[in-house]
Amino acid sequence: MNDHHGHAPTHHVTPLPVYFAIFFALMILTGITVWISRVDLGVMNFPVAMAVAIVKATLVILFFMHLIHSTRLTWVVVLGSFLWLGVLFVLIFSDYLTRAWVMY
Amino acid sequence: MTPSTLHDVRFIEPEKTRNYLNEDYGVFSWLLTKDHKRIGILYLLSVTLLFFVGGFFAFMLRLELLTPEGDLLTSDTYNKFFTLHGIVMIFFFLIPAIPAALGNFILPLMLGAKDLAFPKINLLSWYIYMTGAIFGIYVIVTGGVDTGWTFYTPFSTQYSNTHVFATTLGAFITGFSSILTGLNFIVTIHRMRAPGLTWFRLPLFVWSMYATSLVMLLATPVLAITLFLLMLERTLGVGIFDPALGGDPVLYQHLFWFYSHPAVYIMILPAMAVISECVAAFTRKKIFGYKFVAFASLAIAFLGFLVWAHHMFVAGISVYSAMIFSFLTMLVAVPSAIKVFNWTATMYRASVSWQTPMLYVMGFIGLFTIGGVTGLFLGAMGVDVHVHDSYFVVAHFHYIMVGGTVMGYLAGIHYWWPKITGRMYPEWWARLSALLIFVGFNLTFFPQFLVGYVGMPRRYHAYAPEFQVLNVLSTAGATVLAAGYILPMFYLFWSLWYGRKAGSNPWGAVGLEWATSSPPPKENFHVTPVVTWDAYDYPAFLKAMRETQNV
Ligand SMILES: [Cu+2]
């Protein structure tokens, strides 16, 4: 078996203060989510809420799920998964966004 | 060897060599096994059982359709029977059949590995599968479900008063067994290859299984989420698909087919995997255009994700979107065609041996091609509007799933039967059953193309009298087909005791699974094999085998 040929995954230990800092940032962002839900930004309501959510998800994936110190293969897997989510969204919206364009 | 095993060896009769079957005895040595070969057998037994459950429903449908009047089954019972036929066959037979039964057994052997990367997760996947199957059986026993295997909303969420919740929960649970199998295969293929077994030396079976596993891993979670949302809306009234609650019923179809079109490739890619191995073994040639066939598997897996809305052309989706999906559907035919042409090119001017697996290969190639080409008819928007929800569609997907996947599955069962059991199946009986299946299949499903094209809709228990002749032919075919499927149950069982001893490589084929004894020892190989030959390189492989024997 070639399951031990040299490059064992390096175990990077994230210092505890980093975890607390990320946790703190997530709490602040949650506060922002709650706050902007009470402010009317017009058409920007949805984009802003999604932007905050994306920042939060990115922090969780990078630090709590250790992506930032992971191998390139792990990055490929994660980015590939989002690519697939992109396929789902783009093609579904190719229906919803053009449904009203009548051609006859 | 430690002294104690040396001591034990003296008490073993020479002909009863140790293998995975006689290593341990007793029910728990099977139910708690972590051996991929035994788990493969557990899967083999379970999918076979469920195949005959699904087959029972199919046979009852065909009996009802013998006459135009709805006289054998009431319309409600008929609805339940076609639903249960679809659910049992797709979720509990076709999806796990080749990967989880044959793949489980063969893949580690092909890689020269002792087991899959995660043996306990492998066993867990079987228990998850069985849990899902028990939900299925529970539904069958307690009154059934009538939504069709697709669980379309709003019928499934608002109107059906049958066991929608238990059925979708069963399908939801079973999905996880397929995710775990896919994960296990991917990690095993990446990490457990024998020394010297580089990516381009892998048998094409492995490439195809790799592509299948990617689809399992990327598509199945979407089915899980979709069915979960369906259960939430049905039980708690969470508005996802119901317009009155701010939802959209067509969204259900988008999400469902995002899984279920790729699921067709979860069923057909493993069959293609088997076909590649059999073509190489029975033509004694390297597969023509190895790299094209290998990458065609990955291309099918990828493109298969971009075509799902061809199931929804008449569901009210945007015409522009439908045009995109129609175009992409044409594209997915290209890699499938590459495979068919390359298999045929391999056979060109080869001296083909016509053992049973090769008969199934020929069946596969012909029937899959018919299924594929009629799929292009259906992918063309105009034709689809005409034949949508007719028997034309039913015939098309049975040519793919039965003509393709089941033929591939039976080819694989016969091809690896000597490896799995150490015994040869009886060739004459096996050829007879292959012939019965081919004739029975075509007689069952070809008339359905015709009757569908002239307008017989699917999913009704009664029909217009002018359709009767074609339906009688179809039911007659189903009877022949049933005989063809039951026959192997007898001769394969018989061969366990009375079949000729197989030896390690009865076909003279190339591949690491043929480089170990039949049945293989528990640890697969006594010494870790070192691969020095390319895939299907007969002279190099046979030379390497002779050298190991001399050592
Ligand atoms: Cu499709």
Side-chain angles (χ1 to χ4, degrees), chain A residues 1-12 33 37 40-43 45-47 49-50 53-54 56-58 60-61 64-67 69-104, chain B residues 108 111-115 117 183 186-188 190-198 214-215 217-219 221-222 225-226 248 250-251 253-255 257-259 261-262 301-310 312-313 315-325 328 524-525 528-531:
Chain A
M1 310 312 102
N2 63 352
D3 48 359
H4 43 70
H5 53 88
H7 53 79
T10 44
H11 280 289
H12 186 98
T33 304
S37 71
D40 189 11
L41 304 170
V43 286
N45 274 331
F46 183 70
M50 285 311 282
I54 287 169
K56 283 198 284 191
T58 311
V60 170
I61 293 168
F64 288 171
M65 296 170 79
H66 305 143
L67 184 66
H69 298 299
S70 295
T71 57
R72 258 186 294 172
L73 184 62
T74 315
W75 277 85
V76 169
V77 171
V78 173
L79 294 178
S81 311
F82 279 102
L83 181 79
W84 244 252
L85 196 63
V87 167
L88 178 69
F89 273 66
V90 167
L91 284 175
I92 285 188
F93 278 101
S94 82
D95 170 22
Y96 282 105
L97 298 180
T98 64
R99 213 181 267 181
W101 304 358
V102 179
M103 69 177 335
Y104 30 84
Chain B
L111 298 173
K114 284 188 166 62
D115 207 313
L183 178 74
I186 288 176
V187 177
T188 308
H190 272 276
R191 308 290 297 170
M192 310 270 285
R193 283 173 283 127
L197 189 53
T198 56
L214 284 175
V215 181
L217 215 51
L218 289 165
V222 178
I225 293 164
T226 310
D248 174 23
V250 177
L251 179 63
Q253 298 186 24
H254 273 302
L255 294 174
W257 289 111
F258 183 83
Y259 165 77
H261 184 84
F302 176 69
L303 291 172
F305 275 97
L306 310 179
V307 302
W308 76 79
H310 61 209
M312 303 162 60
F313 287 159
I317 61 167
S318 144
V319 180
Y320 299 95
S321 181
M323 285 194 257
I324 296 171
F325 278 105
L328 291 168
N524 290 349
F525 299 92
T528 303
V530 179
V531 178

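Chain A is the first sequence line, chain B the second, and so forth, proteins listed ahead of strands; every chain is numbered from 1.
- Of the atoms belonging to B:L217, not a single heavy atom falls under 4.5 Å from chain A.
- Between B:F325 and A:D95 the shortest side-chain heavy-atom distance does not fall below 4.5 Å.
- In this structure, no portion of A:F93 lies under 4.5 Å from any heavy atom of chain B.
- In this structure, A:R99 and B:I317 approach most closely via the heavy-atom pair NE-CA, 4.1 Å.
- Under the 4.5 Å side-chain criterion, counting only non-hydrogen atoms from C-beta, A:W84 is not in contact with B:V222.
- Of all heavy-atom pairs between A:I92 and B:L255, the closest is CD1-CD2, 4.2 Å.
- Looking at B:Y320 and A:L97, their side chains never come closer than 4.5 Å, going by heavy atoms from C-beta outward.
- Residue B:F258 touches chain A through its side chain alone, counting heavy-atom pairs closer than 4.5 Å.
- Closest approach of B:S321 and A:T98 over heavy atoms only: N-OG1, 4.1 Å.
- Closest approach of A:V87 to B:F305, counting heavy atoms only: CG1-O, 4.1 Å.
- Interatomic distance, B:W308 CH2 to A:L88 CG, rounded to the nearest 0.5 Å: 5.5 Å.
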